[in-house]
Amino acid sequence: MVISESCPDTALRRVVIRPNRSLSWRQSMIFLGAIAVPLLLISMVLAARGFWLILPFAGLELAALYASVYVVSHAARRCEVVSIGETTVTVEKGRDRGRCAERGGPQQRTEFARGWVRVELAESGTSWYPRRLWIVASGRRVEIAEFLAEEEKAELAAELRRLLSV
Amino acid sequence: MSTATATHDDHHDHGPAKGLMRWVTTTNHKDIGTLYLLLALVNFFIGGAMAMVIRAELFQPGMQIVDPQFFNSMTTVHALVMIFGAVMPAFTGLANWLIPMMIGAPDMALPRLNNFSFWILPFAFTLLLSTFFMNGGGPAAGWTIYPPLVLQMGDGFPFMIFAIHLAGISSIMGSINVVVTILNMRAPGMTLMKMPLFVWTWLITAYLLIATMPVLAGAVTMLLTDKFAATSFFSAAGGGDPVMYQHIFWFFGHPEVYILILPAFGVVSAIVPTFARKPLFGYSSMVYATASIAFLSFIVWAHHMFTVGMPVVGELFFMYATMMIAVPTGVKVFNWVSTMWKGSMTFETPMLFAIGFIIMFTIGGFSGLMLAIAPSDFQYHDTYFVVAHFHYVLVTGAIYSIMAATYYWLPKWTGNMYDEKLGKMHFWLSTVSVNVLFFPQHFLGLAGMPRRIPDYAVQFADWNMISSIGGFVFGVSQLLFAYVVIKTIRGGEKATDQVWEGAHGLEWTLPSPPPYHTFTEAPQVK
């Protein structure tokens with residue numbers, strides 16, 4: 001998912017790139033509850049009747065399910081922001097809850113001189129792998145939008161080139 | 001260039017590993033889907049070979065080929081291999097191949113977990129089959145492994161329990177992956193009520209698996225401790241309750257039956273509209289019917305044990321609850337038939353298998369209704385009528401749907417069309433022979449022939465011989481299926497992207513075969 005926005009006070013243009021996430025954390029927890037409640041209920045009823053060995057397996061499985069949901073939701077909170085100013089282009093990578101800089105700021109920040117910046121959409125060298133999108137300048141390069149689909153990458157590359165040429 | 005970027009360079013700029021290691025280390029959903037399907041095919045032939053032994057022994061009354069202990073091992077391991085080694089992995093393979101493509105995701109949500117969940121399985125089944133070479137032989141107490149009989153098993157007992165644990169861990173990991181993928185990785189616009197029914201049925205199947213697998217794990221572990229740790233969970237002599245094992249097992253076991261059939265409903269719901277060239281009739285009711293079947297599956301377990309001794313009120317509850325399952329199942333059959341009604345139908349091999357499924361699964365469903373009637377069940381219980389019933393559900397139901405799915409999506413997977421003539425030959429040979437194989441077993445059961453016996457009274461001889469002939473022809477027919485699959489993988493007429501004129505869905509927007517990483521174009525869900 002790509003959101004392009006401009007700041008009216010400055011000449012800054014921002015492109016926010018996030019992976020697709022089709023379920024919120026709250027919805028994930030509701031789903032987890034829908035599995036956990038009947039499973040724990042049955043396990044506890046059986047434990048009360050002396051068949052307690054089912055309960056630890058139920059606990060282990062629910063822990064694995066929670067961990068899996070957490071890992072995927074965490075990965076889906078990745079966020080990249082490409083800020084195009086008058087003289088600089090900044091690429092910030094981090095995680096967010098809604099907006100990029102709200103939780104502790106970016107984890108990685110790279111700044112380029114705008115005049116030298118190129119947008120490269122590189123073939124991977126084999127049809128087995130998707131193309132890769134790079135911000136390149138003065139021998140340095142940062143990959144962006146790894147999580148986007150091919151067509152979205154192509155659209156993003158075109159949009160960045162357009163913004164850089166303005 | 002940062003170190004992190006360099007690492008990514010190393011990862012991306014070469015293709016998948018070459019040779020065997022590609023398949024060992026792969027995290028790609030299509031590779032893993034292929035591995036699951038191949039394992040299922042291998043296990044289908046291993047389990048099928050055991051079925052041939054069973055039918056050869058039952059060809060005539062008297063003891064002919066194997067001893068009774070080995071015969072009992074054959075019936076037990078045939079069931080375990082077919083359920084946990086063929087049908088479940090086949091559906092998981094279909095899920096791996098299709099779910100990401102159907103919901104517009106690049107891969108499964110947890111690719112490494114996906115790799116682990118597959119690679120556990122070959123070890124689990126090697127372990128299970130290795131018990132045949134141990135002192136005391138393989139498991140022979142039936143796939144339900146009831147105590148106290150199963151506790152008499154020889155050295156292979158703990159290995160069998162460990163194999164079941166491994167298969168269970170694999171199932172749980174696979175289910176978690178499916179759930180997380182479906183919920184978190186749907187393409188923008190792909191709301192829950194826009195998902196293909198195959199995805200819906202798998203979401204509900206995964207829910208059932210996650211909800212019931214710990215019950216099986218706990219039950220078999222308690223068997224283990226009863227045998228080796230001096231506990232008495234199921235030993236009456238020590239104050240335990242062997243009947244309680246049956247309750248616990250079937251609390252897992254009945255949802256397991258739906259785990260084996262719900263994805264089949266999803267497959268048929270994809271195929272019928274394609275070849276009827278009409279949208280699926282009653283999509284929403286299909287989703288609600290699937291959810292209703294899943295819910296009911298938790299409250300019907302004791303219909304497997306009407307004869308074990310329970311209060312009349314309990315028998316009535318489980319009888320009526322079981323009969324209620326006919327309602328949502330009937331909704332499904334009605335919707336499939338309504339989809340075909342006045343459709344512009346053609347009868348390619350996937351459609352033949354789908355129609356075969358609808359007719360013969362319904363036969364299995366009706367005999368299930370007969371078994372649900374508690375007073376009648378006292379006559380049918382543990383007879384060949386039960387064997388006929390569940391084989392109509394699982395062979396002409398689950399396995400027919402897997403074959404339909406293979407013919408339907410094989411051109412998409414391989415880029416090559418299968419041989420239609422051989423496919424149709426496979427269908428007709430299978431359909432005639434499977435009915436010769438299983439239909440007479442209804443008569444045997446009604447006449448009183450018990451299941452799981454290597455010898456029988458002479459009045460059962462004729463139908464057993466006919467059933468065995470059907471079994472041998474059905475077994476040989478499946479070699480044709482393997483040949484068609486291999487031939488298609490190796491080449492053939494090139495398939496178009498859409499493959500079938502009436503096919504709809506995101507997977508048909510991809511090239512045939514699809515690229516290693518799904519979606520070279522952004523999926524558009526309207």
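These values consider heavy atoms only, across backbone and side chains, with no hydrogens, waters or symmetry-generated copies. First the proteins, then the strands, lettered A, B, ... as listed; each starts at 1.
- Each of B:Asn96, B:Thr92, B:Asp107 was evaluated against B:Asn114; a single residue qualifies, B:Asn96, per the side-chain hydrogen bond (donor to acceptor under 3.5 Å, both in side chains) test.
- The contact between A:Leu65 and chain B is made by backbone and side chain atoms together, counting heavy-atom distances below 4.5 Å.
- In this structure the side chain of B:Leu192 never reaches within 4.5 angstrom of the side chain of B:Val287, judged on heavy atoms.
- The aromatic rings of B:Phe252 and B:Phe249 lie perpendicular to each other, with more than 60° between the two planes, well past the 30° mark.
- For A:Ser24, no part sits under 4.5 Å from any heavy atom of chain B, backbone or side chain.
- For B:Ile210, the parts sitting under 4.5 Å from any heavy atom of chain A are the backbone and the side chain alike.
- Atom OG1 of B:Thr290 and atom OH of B:Tyr258 lie 12.0 Å apart (nearest 0.5 Å).
- Ring centroids of B:Phe251 and B:His247 are separated by 6.0 Å or more, keeping the two rings apart.
- Both the backbone and the side chain of B:Ala109 come within contact range of chain A, with heavy atoms under 4.5 Å apart.
- Within residues 169-185 of chain B, the residues approaching chain A closer than 4.5 Å by heavy atoms are, in numerical order, B:Ile172, B:Ile176, B:Val179, B:Val180, B:Ile182, B:Leu183, B:Asn184, B:Met185.
- Taking CH2 of A:Trp116 as the reference point, atom CZ of A:Arg140 lies at 13.0 Å (rounded to 0.5 Å).
- Contacts of A:Ala157 classified as side-chain contact (heavy atoms from CB on, under 4.5 Å), with partners at least two apart in sequence or in another chain: A:Val119, A:Leu121, A:Leu133, A:Arg161.
- The shortest distance between side-chain heavy atoms of B:Met102 and B:Leu506 does not fall below 4.5 Å.
- Considering only residues two or more places apart in sequence or on other chains, B:Phe234 meets the ring-ring contact (aromatic ring centres under 6.0 Å, His included) condition with A:Phe51, B:Tyr245.
- No part of B:Leu216 comes within reach of chain A, as not one of its non-hydrogen atoms sits under 4.5 angstrom from that chain.
- Although no hydrogens or angles enter the test, the distance criterion places a donor-acceptor pair under 3.5 Å between the side chain of B:Thr26 and the main chain of B:Asn28.
- Without hydrogens or angle criteria, A:Thr88 side chain to A:Phe112 main chain gives no donor-acceptor distance under 3.5 Å.
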Next on the checklist: With salt bridge (charged side-chain N to carboxylate O under 4.0 Å, His left out) as the criterion, how do A:Glu111 and A:Arg109 come out once you've worked through the C-alpha distance, each side chain's angles and the decisive distance to 0.1 Å?
Outcome noted: CA-CA 7 Å; A:Glu111 196 168 287; A:Arg109 181 187 161 93; 3.3 Å; yes

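- Contacts of residues 293-300 of chain B with chain A at a heavy-atom distance below 4.5 Å are absent; not one residue qualifies.
- With a threshold of 4.5 angstrom between heavy atoms, A:Ile42 approaches chain B through side-chain atoms but not through N, CA, C or O.
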